[in-house]
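Letters go in sequence order (proteins before strands), and every chain restarts at 1. Side chains included, hydrogens not; waters and symmetry mates left out as well; all remaining heavy atoms used.
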There are 2 protein chains.
Amino acid sequence: MQSRDWRPRYLQLAEELRAKIMSGELPPGILMPSETELADSSGLSRTSVRNAIRQLREWGLVRAEQGRGTYVRAPRQRVRRRNTERYQWEKDRVLLDEAERLKTGATEHDTGLTVDDLKFHAEYSQVNADEEMAAALRVDLGTPLLRRVYWTSSRHENAPLTVSYSYLPYDLVAENPDLLDEGKEPWPGGTQHQLYTLGIELDRIDDEIRARPPSPDEAELLDIDPGVSVLTVRKTSVDTSGRVVEVADVVMPGDRTELVYSHKLQRWKT
Amino acid sequence: MQSRDWRPRYLQLAEELRAKIMSGELPPGILMPSETELADSSGLSRTSVRNAIRQLREWGLVRAEQGRGTYVRAPRQRVRRRNTERYQWEKDRVLLDEAERLKTGATEHDTGLTVDDLKFHAEYSQVNADEEMAAALRVDLGTPLLRRVYWTSSRHENAPLTVSYSYLPYDLVAENPDLLDEGKEPWPGGTQHQLYTLGIELDRIDDEIRARPPSPDEAELLDIDPGVSVLTVRKTSVDTSGRVVEVADVVMPGDRTELVYSHKLQRWKT
DNA sequence: GAGTGGTCTAGACCACTGT
DNA sequence: CAGTGGTCTAGACCACTCC
């Protein structure tokens, strides 16, 4: 006789269901059997079935909706953000003429999608620097800042691919009214172009990358389960005079984002 | 009368306990009250208490050990890996003499800890390239590879700060027996120095960063809960002739790692 | 109103840890 | 051995969605 399976039964059920999802027997978008149905068919209690489903949710395979049911998730578009090239690419684009810039933005650069496939959202406000932002921007506590929140999503998936929270010193920006107009962002040209209109040239961009659990808001917006981490990039832009001109926090769903950095090394002297 | 708290009671309990941990009333390392005690004192069922504790575990605040109890975690040492500088720094070190190299390795460079605070572990084996590694190293399926697993931990925390899985084509490496000797790794000098002894100079290193749930082994080794993500870096080293000479997967606990990348931008022509 | 997932209870047995 | 966390059961009520 075979030795019995030693794993907990809820995990066995979770893996059975996972196999059915992977094989296409439970295709994306379909409503899963309800918890009571699964309990009946598997011979387990509803509690154990719920444990199995919690596991599937942590794996990012299903989404539960109260009152409606549990759905199999579509495999998500994976996004590669190649920041090393991206930043230089954005800088080079600044000097192109507007017709050229309008053709493609950075998200298309990342995803290969065209502008018709994408939806944009922007939201501006004025805030005062809290302790963290004051330190990041190297300004005094309470300094007025322009806060810009924006996200981009694919038309085929409702959830955004990234959400950005960008902060700039308000007085830096006040000279160019375009920068205060939500309708003018981020096209055409991106932030580097807008800074260019203020006579600012970037010298360096530093990225700090972390992983952390999403806030409830972020989980909602990015359509991930609270158990799935987000990847965050804090991007600090420094201009040629050494001043920090923008700090942006970019939040991405950890289950479908790859960040790519390339390092060219200096040659040894032979 | 106050309107009642609308949140689930297990979450209220989780937040009460969180507050006690944050305030120091439940200091790091201490054994928490057992689940039955908490059930009695809170008036909830053990199931609800377990839900509260699951939440605390996902927040990374406590660690449950079967048969022993649930402990409050110590806040972890955060590690900043500055890969942009690190790789060039490693390359520059190759040409220094051995006495100089022995003084510090890359982990000290990251953490600011001295060599006396650190413990090392290494483990070598020969494997054949699977589909993924064959593609990453651009070799044929089944090509013999040297697989090196190593980790470094602080003496004050048992869990490693990083775990690396490094793969090199075996025939590339066979010429230098030092590279096959676990005792000789990674000190002194690191991989770049060992490649130097084979006449190999690196030209470029690419990093691909992802976040994902840990495997059960990784959760165990890094001492994180299965609900806490790991950050992974796939580091691909390319030599001056364009050949991929090493692929390394570096796995780090997501709750205490920051990756830092710095980009110097080219100046506009004025 | 019927069905769904979210919360909650009061039990039970198990594997594992300490003594 | 007693105590711990891990699994599991068979119920219950709730808020929510859809018809």
Identify whether the distance between the nearest side-chain nitrogen and carboxylate oxygen of [X] and [Y] falls below 4.0 Å.
X	Y	value
A:R80	B:E208	yes
B:E35	B:R50	yes
A:R234	A:D249	yes
A:R212	A:E218	yes
A:R46	A:E37	no

Scan residues 48-60 of chain B against DNA chain D and write down, sorted by residue number, each residue with any heavy atom closer than 4.0 Å; if none is found, say none.
B:R50, B:R57

Assess the side chains of [X] and [Y]: does a donor N or O sit below 3.5 Å from an acceptor N or O?
X	Y	value
B:T36	B:S34	yes
B:N83	B:Y261	yes
B:T70	B:R57	no

Where each residue is assigned the nucleotide of DNA chain D containing its nearest heavy atom, which of A:P8 and B:G67 is assigned the position nearer the 5′ end?
B:G67

In whole Å, what is the span from the [atom1] atom of [X] to the [atom2] atom of [N]?
X	N	atom1	atom2	result
B:L31	C:dG18	CG	P	11 Å
A:Y71	C:dG3	OH	C1'	12 Å
B:Q66	C:dC16	CD	C1'	5 Å

Taking any atom closer than 4.0 angstrom to a non-hydrogen atom of chain B, what span of DNA chain D does the protein reach, first nucleotide to last?
D:dG3 to D:dT7

On DNA chain C, nearest-nucleotide positions of A:T70 versus A:T47: which is more 5'?
A:T70

Would you classify A:R46 as touching base, sugar-phosphate or nothing, given that sugar-phosphate means primed atoms plus P, OP1 and OP2, and contacts are heavy atoms under 4.0 Å?
base

May I ask you to test the A:R210-B:T257 pair for a side-chain heavy-atom distance under 4.5 Å?
no

I'd like to know if the side chain of B:D225 reaches the main chain of B:G227, judged simply by a donor and an acceptor atom lying under 3.5 Å from each other, with no hydrogens or angles considered.
no

Which ranges of DNA chain C pair up as stems, where a stem means three or more consecutive Watson-Crick or G-U pairs with both distances under 3.5 Å?
C:1-17 with D:2-18

Output the distance between atom CZ (A:R68) and atom CZ (A:R63), rounded to the nearest 0.5 Å.
9.0 Å

